[in-house]
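Have a look at the structure below before the remarks.
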Amino acid sequence: MKKYSILFSTFLFFVFGMFSAQEGMKKFLYKGKIDKFPVTLYLQEDTSGCGPKFYYGMYKYDKLSKWLYLTISDDEQNKLVMVEAGITGILSLKLSGETLNGFWISPDGARKLNVNLKEIPTSNKAMETYDKKYDDVNYEMNDC
C-alpha cells in the first residue's frame, strides 16, 4: 500500500509541475500585412520567471515563404524588436492592446515597410499546430 502512495504522490508532483511550467506561457497569433503582403506571426510570451518577460516567435509571408525564426527583445514599454534568422530583416513593433504596429527594416536600412498586425482569437486545438511548427523551426535554427 505504501508503494502505491509513493507512486501516486510522484504522479501528482509531475502533473502539477507540468501545469506550473506552462502557467507563465502565453501564446498569440497575429495576422496582418507588411506593406501590401499578408503575414502571420506566432508569438509566445514567457512570464514564468521573476524577471522580465521573454518572447519567442516566428512569422511568414502567407503563401510566399516558409516560417522565419525570430530572435526577440523588448524594452518593457511594449516595444519589441524581432530579428529574422540570418539577419534578413528586422521588425520593430509597438504592442498596443491587440495590435502590433511598426516597421520592417532591411538589414542595410535602405528599405522600411509599414507593419500592421492584429491578434486573431485562436482555439487551443488550432494553436497546437502553430506550437508544433514553432518547435520544428526552433529545432532547425538551434540544433548543433
Side-chain angles (χ1 to χ4, degrees), residues 5-144:
S5 176
I6 291 171
L7 284 173
F8 184 70
S9 297
T10 303
F11 173 76
L12 286 178
F13 179 75
F14 177 73
V15 168
F16 286 117
M18 283 178 38
F19 286 120
S20 65
Q22 290 294 319
E23 184 178 303
M25 186 70 71
K26 296 178 185 175
K27 300 170 186 177
F28 306 92
L29 190 66
Y30 291 88
K31 288 193 175 274
K33 292 188 177 187
I34 295 179
D35 194 29
K36 61 183 178 198
F37 303 102
V39 295
T40 300
L41 170 75
Y42 169 83
L43 188 65
Q44 292 180 352
E45 178 186 274
D46 184 355
T47 58
S48 61
C50 59
K53 297 175 189 175
F54 291 97
Y55 293 92
Y56 310 94
M58 64 181 181
Y59 86 103
K60 70 179 272 180
Y61 291 86
D62 298 342
K63 300 180 184 179
L64 293 177
S65 75
K66 62 180 185 167
W67 287 99
L68 301 166
Y69 180 81
L70 297 168
T71 301
I72 304 171
S73 299
D74 75 314
D75 68 356
E76 297 183 22
Q77 296 177 352
N78 295 327
K79 295 179 188 168
L80 302 172
V81 175
M82 305 176 181
V83 180
E84 297 172 7
I87 311 177
T88 55
I90 298 167
L91 295 162
S92 177
L93 305 173
K94 171 106 171 138
L95 177 61
S96 179
E98 295 179 346
T99 63
L100 284 168
N101 296 301
F103 301 98
W104 175 91
I105 305 164
S106 64
D108 63 2
R111 292 183 66 204
K112 187 175 178 180
L113 305 173
N114 288 325
V115 177
N116 298 295
L117 304 171
K118 182 163 175 54
E119 184 181 347
I120 303 300
T122 308
S123 70
N124 289 338
K125 185 159 179 75
M127 194 60 86
E128 287 176 9
T129 303
Y130 292 100
D131 293 341
K132 171 74 172 100
K133 189 60 182 170
Y134 177 76
D135 288 344
D136 293 345
V137 170
N138 184 34
Y139 180 79
E140 288 173 20
M141 292 306 305
N142 297 305
D143 182 42
C144 298

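From a predicted model like this one, the values you see are computed outputs, not experimental measurements.
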Between CG on residue Asp35 and CG on residue Leu113, distance to nearest 0.5 Å: 5.0 Å
Least distance between heavy atoms, Ala110 atom then Ser106 atom: N-OG, 3.2 Å
Residue pair Leu70, Glu84: steps toward the side-chain contact (heavy atoms from CB on, under 4.5 Å) verdict: CA-CA 5 Å; Leu70 297 168; Glu84 297 172 7; 4.0 Å; yes
Closest non-hydrogen atom pair, Val137 against Met58: CG2-SD, 4.0 Å
Closest non-hydrogen atom pair between Gly57 and Ile72, with its separation: N-CD1, 3.6 Å
Between OG on residue Ser92 and CG on residue Asn101, distance to nearest 0.5 Å: 11.5 Å
Minimum side-chain heavy-atom gap Tyr134-Gln44 below 4.5 Å: yes
Parallel, tilted or perpendicular, as decided by the 30° and 60° cut-offs, for the rings of Tyr130 and Tyr42: parallel
Donor-acceptor pair, side chain of Asp75 and main chain of Gln77, under 3.5 angstrom: yes
Phe28 vs Glu98 side-chain heavy atoms within contact, under 4.5 Å: no
Heavy-atom side-chain contact between Asn138 and Tyr69 under 4.5 Å: yes
Backbone of Thr99 reached by a side-chain donor or acceptor of Ser96 within 3.5 Å: no
Trace of the side-chain contact (heavy atoms from CB on, under 4.5 Å) decision for Phe103 with Asn114: CA-CA 5 Å; Phe103 301 98; Asn114 288 325; 3.2 Å; yes
Where Met141 and Ala85 come nearest, the two heavy atoms and their spacing: CE-CB, 3.2 Å
Interatomic spacing from NZ in Lys94 to CG in Leu80 - rounded to 0.5 Å: 9.5 Å
Flag side-chain contact, heavy atom, 4.5 Å: Leu91 against Tyr59: yes
Any Leu95 side-chain heavy atom under 4.5 Å of Asp74 side chain: no
Donor-acceptor pair between Lys60 and Thr40 side chains, under 3.5 angstrom: no
Heavy atoms of other groups near Leu64 CG, more than 12 under 6.0 Å: yes
Taking every non-hydrogen atom, the tightest pair across Gly89 and Pro107: N-CG, 4.0 Å
Minimum side-chain heavy-atom gap Val115-Leu117 below 4.5 Å: yes
Close side-chain approach of Asn116 to Lys33, heavy-atom, < 4.5 Å: no
Side chain proximity check, Thr122 to Lys27, heavy atoms < 4.5 angstrom: no
Shortest non-hydrogen separation from Tyr30 to Glu119 and the atoms involved: CD2-N, 3.2 Å
Thr71 OG1 to Ile90 CD1 distance, which is reported to the nearest 0.5 Å: 11.0 Å
